[in-house]
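One structure is given here, and the rest of the page talks about it.
Letters A, B, ... mirror the listed sequences (proteins, then strands); counts begin at 1.
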Number of protein chains: 2
Amino acid sequence: MTQLDDVHTSSDAPKLGRRRDPAKDQQILDAAVEVLAETGFDGMTIDMVASRAGAGKATVYRRWTSKNELVLDAVACMKKGDLDSLAIPDTGTLRGDLVAMIRPPSIHDAERKLKVMAGLASMLSSAPELADAANEAIVEPRARINRMLLNRAIERGEISSDTDIQLISLISPSMVAYRSLILRKPVDREFLITIIDGIILPAVGLGPTAPAPSAPAE
Amino acid sequence: MTQLDDVHTSSDAPKLGRRRDPAKDQQILDAAVEVLAETGFDGMTIDMVASRAGAGKATVYRRWTSKNELVLDAVACMKKGDLDSLAIPDTGTLRGDLVAMIRPPSIHDAERKLKVMAGLASMLSSAPELADAANEAIVEPRARINRMLLNRAIERGEISSDTDIQLISLISPSMVAYRSLILRKPVDREFLITIIDGIILPAVGLGPTAPAPSAPAE
DNA sequence: GCTATCCGGAACTCTGGAGTTTCGTATATG
DNA sequence: CATATACGAAACTCCAGAGTTCCGGATAGC
């Protein structure tokens, strides 16, 4: 959060005349994320963001001091839109949980986030703040869910407690990012299932040699 | 290859006076790759490339029509520097081969290529030619080696012929790219060994339950 | 040594985007 | 209705980088 009015909260709001519209802030941030995903940081202009948000360039600069601050806020606010964290199913098996996470909204959300990450990629090494914000908003939510599912599998005794959760939880984010960003191939349900059955489950000792407790047939 | 003098090869070389220096071409291309890795496509200026190559900006434009063409050529020429393709060991086991591929020059080369890829990331979606060149020069060489090692393991009967080579060969490139570009953590020998023993070998049925033929202790 | 050619460097134009200012209008408060 | 404020739009300045031009010096062939 780096908006201009962070310090003075609402104490000095005008007692007369028009008030600043808080909803407009979100419209601008959303527009910034859109443009960021489409054109990247360098291709993005303030005019693009403003016009897409139905605002003027001056309005943007009334609320953020610079393009950098706007992008930083826009990325940081992306994680608010995460509804995945709430709806985590418990199917009784690790494979069931992993497969249940494959849903069209989840896939679409991930691809949009990856486009934003691609647009920021060249700046990550020179802007640590931005890199941290991007990591927190784009990478961590997905990895956090995977870690939770793996911990749940350990608790129910399905997999060994020696499992390298940190490593395993990054398999699907890594391979999805690579396929989408670098190979530019679609990330569909079939691909995700292949990762689960061909890589993740074998890595935690639930490979086809030791069949999964429930229904491995899909 | 998109250089100006692609069509007329050497037939109309000047019979009098100074000749164009071919070595300078490579110096400029190398400088372009360096700057690309350090600052990304948008941060890179022709002046940077020229001065680093010990050349003038005019010299660059004498040989390439535009910044885009220069970058395209620079990326395409990266694959020529691949000496890995020659020195592929045969240790007798898949694990031995994979571990033998872990060498400081190989790691350093991979990180440099990934920085270039990061610098190009935002343009890949809008410049298909560039995306193809980047894929051919950065992604494919590494995946090709992995596919070769896996095929060798199949031939010697070490792993099943049903193995999904396409998928398995992308595990380490994906996880290395993710760790380096997005997590910005170092890619060291320990991490690579963890991937081999914790993910790749289990995925091909050579997990700790079926111990590797040679020495799994490392 | 002569000469055609290429070189590095510097000065140049031109374009586009960051950030600022102005202005007429819309609107909530009183 | 009056007023203070925020608004969208447009015009503005400023600057950096793409691409061009010019020039004195270096160099390979004759």
Side-chain angles (χ1 to χ4, degrees), chain A residues 2-5 8 10-28 31-32 35-36 38-74 119 122-123 126-127, chain B residues 2-5 8 10-28 31-32 35-36 38-74 119 122-123 126-127:
Chain A
T2 54
Q3 287 176 244
L4 295 180
D5 50 354
H8 35 278
S10 64
S11 56
D12 57 351
K15 296 183 170 46
L16 217 59
R18 198 180 182 178
R19 300 280 183 79
R20 185 181 289 186
D21 183 6
K24 183 64 74 176
D25 280 42
Q26 196 55 50
Q27 289 181 32
I28 294 173
V35 177
L36 215 47
E38 291 172 16
T39 69
F41 179 88
D42 295 284
M44 156 183 163
T45 72
I46 302 294
D47 278 314
M48 282 188 215
V49 176
S51 66
R52 187 167 311 207
K57 183 156 60 161
T59 302
V60 175
Y61 279 104
R62 251 174 237 125
R63 301 170 188 227
W64 289 274
T65 60
S66 69
K67 179 180 175 179
N68 287 329
E69 299 288 345
L70 170 62
V71 169
L72 203 55
D73 250 22
S122 63
M123 329 203 52
S126 61
Chain B
T2 54
Q3 286 175 244
L4 294 180
D5 50 353
H8 35 278
S10 63
S11 55
D12 56 352
K15 296 183 169 49
L16 218 59
R18 200 179 181 181
R19 302 278 183 83
R20 183 181 290 185
D21 183 6
K24 184 63 75 176
D25 279 40
Q26 196 56 48
Q27 288 181 32
I28 294 173
V35 177
L36 215 46
E38 291 172 16
T39 69
F41 179 88
D42 296 283
M44 156 183 165
T45 71
I46 302 294
D47 278 314
M48 283 189 218
V49 176
S51 67
R52 188 167 309 206
K57 182 156 59 161
T59 302
V60 175
Y61 280 104
R62 250 174 239 129
R63 300 169 188 229
W64 288 274
T65 60
S66 70
K67 179 179 175 180
N68 287 330
E69 299 287 347
L70 171 62
V71 169
L72 203 54
D73 250 22
S122 63
M123 329 202 51
S126 60

Rounded interatomic separation in angstrom, taking CZ from B/Arg19 and C1' from D/dA28:
8 Å

Scan nucleotides 12-22 of chain D nucleotide by nucleotide, 5' to 3', and note B when protein non-hydrogen atoms come under 4.0 Å of the base, S if they reach only the sugar-phosphate, - if neither.
-----SSBBB-

For A/Met48, does its backbone N or O pair with a side-chain atom of A/Ser51 as donor and acceptor, under 3.5 Å?
yes

Hey, what do you get for CD1 (B/Ile28) to CG (B/Asp73), rounding to the nearest 0.5 Å?
11.0 Å

Heavy-atom donor-acceptor pair, A/Arg18 side-chain to D/dA6 base, under 3.5 Å:
yes

If I take atom OH from residue B/Tyr61 and atom CG from residue B/Leu70, how far apart are they, to the nearest 0.5 angstrom?
8.5 Å

Between CZ of A/Arg20 and C1' of C/dT27 the distance, given in whole Å, is 16 Å

Side-chain contact, heavy-atom cut-off 4.5 Å: B/Met123 with B/Val71?
no

Do the non-hydrogen side-chain atoms of A/Arg52 and A/Glu38 ever get within less than 4.5 Å of each other?
yes

